[in-house]
Amino acid sequence: MRRVISILIENEAGSLSRVVGLFSQRGYNIESLTVAPTDDATLSRCTILTDGDKMEVEQITKQLHKLVCVYRVSALDEEAEGGLERELVLLKIATPNRNVRDEIKSLADIFAARIVDVNPEIYTLQFAGSSTEADNFVSTVCKSAEVMEVVRSGVLGIARGSHSMHN
Amino acid sequence: MTLMSGAQMLVRTLEDLGVDHLFGYPGGAVLDIYDALLDSKKIHHVLGRHEQGVAHEADGYARATGRVGVCLVTSGPGATNTVTAIATAYMDSIPLVVITGQVGTPLIGSDAFQEVDTVGITRPIVKHSYLCQSPLDIPKYLRQAFYLAASGRPGPVVVDVPKDCVGPSRRFEYPEDQQVVMRSYNPNLLGHRGQIKRAAKLLSEAKHPVLMVGGGAVISKAADKVRKLAHDFNLPVTSTLMGLGVFPGTDRQFLGMLGMHGTYEANEAMDKADLVLALGVRFDDRVTNSVQKFCPAAKIVHVDIDPASISKTVNADLPIVGDVDTVLGQLLETIEEQGIVCDKDALEGWWKQIEQWRHLDCLRYKSDPQLIQPQDVIRSLYKATSGRAIIATDVGQHQMFVAQHYQFDEPRHLLTSGGLGTMGYGFPAAIGAKVGCPDETVCLVTGDGSFQMNIQELSCCLEFNIPVKIFLLDNHTLGMVRQWQRMFYRGRISSTSLNSNPDFVALAKAYGHEGFRVEKPGELDGAIRKALAMKDKLVIVDVVCNTDAMVLPMQQMRGSMGDMFLNED
């Protein structure tokens, strides 16, 4: 089962390698990984998309929590309406003629994507949404034009409601 | 106020942390530290002969004394040589601080002479690690390292110190009375009250309870409370290899060790138990046999300070996260408050059943008038030391014979690599133990395979007058591997014969020690007593013994706890 785990780690040298190392060392899977400092500069927030059954995810969160550099761990569960997930996608598309450009423009409108860079024969699109929406967006664009490059940020997650990892 | 260099602050911090012995091996990156050490009157440096030995010595010191073991090695190969010892300490949750030299910070990442990424190499086998960036990091990180190593679930901590952080040119005011503050690390000692009440209730209802203790009970110093609970409730007690001594081996209620080479009665009791109260254990695969068939009838109450150990392999019906001694204190209090008693009739029946299993006498073996059996050596050593010695072992058949035949009555008396199974661990561990406990008799029981993996430390023992007694079960083979080849590989003996051993007696003498050889069963008791009587001497007793001896009983692979190969005669 697909799970999103949010981790607050001490923003110091080696923290990220401990988190990533734990996954490889114990045979856990990383589908995607994002990390950046938070508004509190001493902490970084790391979001990992993994998969595993309930017991595996429980063991992953326990092992993460055991790392001395890990401040908080939380497993989001979107299916239980527990969390929000978002991915950012950048798509570079060949737009050799007007037909393709129009088609892309209209797809961008439908998916609420933005055209963020325009060259005579290349458009770059930016899309934000859930992973499923991102999949749909990419596959739809692929059918209408030649996609030159796809970059996905990996999943970001936050809990719904009042729950906050910083409290 | 005198200003201090990083090296001086390092030595001063160790002194302030109460370090009396430092095991180490010098080298280029730690020259400044060794220079500063010359001025310390409080820290005695023990020079090993190989960095693996050095780190195992610190580990043996930690296990025998309960204090943090500290070692100091140089960068590069000095650091990589400690890796096996760090992993050994990690698997057995031993408080160890490993100070490694590192090339100067401007050189880090340049593939400099004797540079390795020590923090990176050791990352999966440490509780935590530090790379100092400035001299002032040294006292701060060392204090944190000691706190981390010894608290919660203990473990090794590496402090990597670049050469420019310890050099004489940069001097600072020494930070006195620095407090350790770590917001991301808060081990939980106290058990959950509701869970403890539930555990007390389960105990009162149990018909076939078993108390199972492990290394966590040693670490938390829970022996008194384990004994009280067991005696108050007339509970059968079994122990993992790491827990031996927490409950007296000579007590009628002790069933012996459980697991692969555990006793039949301990394993059968686990298999038929309706309640297992597991204290400071991690249900290692050498204990559980097939997890699917493990204790099918039992509710499992699992007390451990490490939440990640709970329900990792064996699902806990009642998890209690906390320090074993603290939780037992809470449990005993609850039992008293609520007037909880055991089901006496049920326990009487349970003990009758256990006595039947015990009657099988699963550890019996056939003596031979001409050939010394390895079990003879352990039994004779037990008698000669009145069961009171600190025994270090290496890994293999002799290790299991010690666990089976030496009845440990106190914790911290068996020093053995349980988790990693490190051959070569025993001798340096015995050295560390003797340094930490100079008034105790410290014996090494080893094999001719294991002993040769850190034999160079004989030189260290002469220099520092460390008179450990070495009982070498010399069977000219890697006995445990050979046993598996005989049992599971159709007797095809592959690379396990050791037919080119040195003359260990001559070797002892070459290193300036004493040694003698025993070949006849009739000479064994006398030889062991003679060695023990030579108080100030390291003695190697080279006991030539049966090559074909087997460690039995032994669990059948993928079976239940009670499925065992037994001695046939």
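Sequence lines set the chain letters: A, B, ... in the order given, protein chains first and strands last, and positions in each chain run from 1. All values reported here derive from a predicted model rather than from experimental measurement. Just so it is clear, the values below take in all heavy atoms, side chains as well, and ignore hydrogens, waters and symmetry mates.
Between the side chains of B:Thr240 and B:Arg286, not a single donor N or O lies within less than 3.5 Å of an accepting N or O. No side-chain N or O of B:Ser134 forms a donor-acceptor pair with one of B:Arg170 less than 3.5 Å apart.
Shown here for B:Cys71 and B:Ala58, the closest heavy-atom pair between the two residues is CB-CB, 4.0 Å. Taking each heavy atom of B:Pro95 and B:Ala150 in turn, the nearest pair found is CB-CA, 4.0 Å.
Contacts between B:Ile310 and chain A at a heavy-atom distance below 4.5 Å involve backbone atoms as well as side-chain atoms. At a 4.5 Å heavy-atom cutoff, A:Arg72 makes no contact with chain B through either its backbone or its side chain. The contact between B:Asp306 and chain A is made entirely by side chain atoms (from C-beta outward), counting heavy-atom distances below 4.5 Å. Interface remark: A:Val68 contributes backbone and side-chain atoms alike to the contact with chain B (heavy atom separation under 4.5 Å). When heavy atoms are compared at a cutoff of 4.5 Å, B:Arg123 approaches chain A solely by way of its side chain, counted from C-beta outward. With a threshold of 4.5 angstrom between heavy atoms, B:Ser309 does not approach chain A through any atom at all. At a 4.5 Å heavy-atom cutoff, A:Leu8 makes no contact with chain B through either its backbone or its side chain.
When each of A:Glu87, A:Glu133, A:Glu31 is checked for a salt bridge (Lys or Arg N to Asp or Glu O under 4.0 Å) with A:Arg152, only A:Glu87 meets the rule.
Between B:Glu115 and B:Lys163 no salt bridge is recorded (no basic side-chain N to carboxylate O distance below 4.0 Å).
Although no hydrogens or angles enter the test, the distance criterion places no donor-acceptor pair under 3.5 Å between the side chain of A:Glu10 and the main chain of A:Leu43.
Note: A:Thr42 leads A:Thr61, A:Leu67, A:Thr42 in heavy-atom pairs under 4.5 Å with chain B. Note: A:Arg18 leads A:Arg18, A:Gln25, A:Glu12 in heavy-atom pairs under 4.5 Å with chain B.
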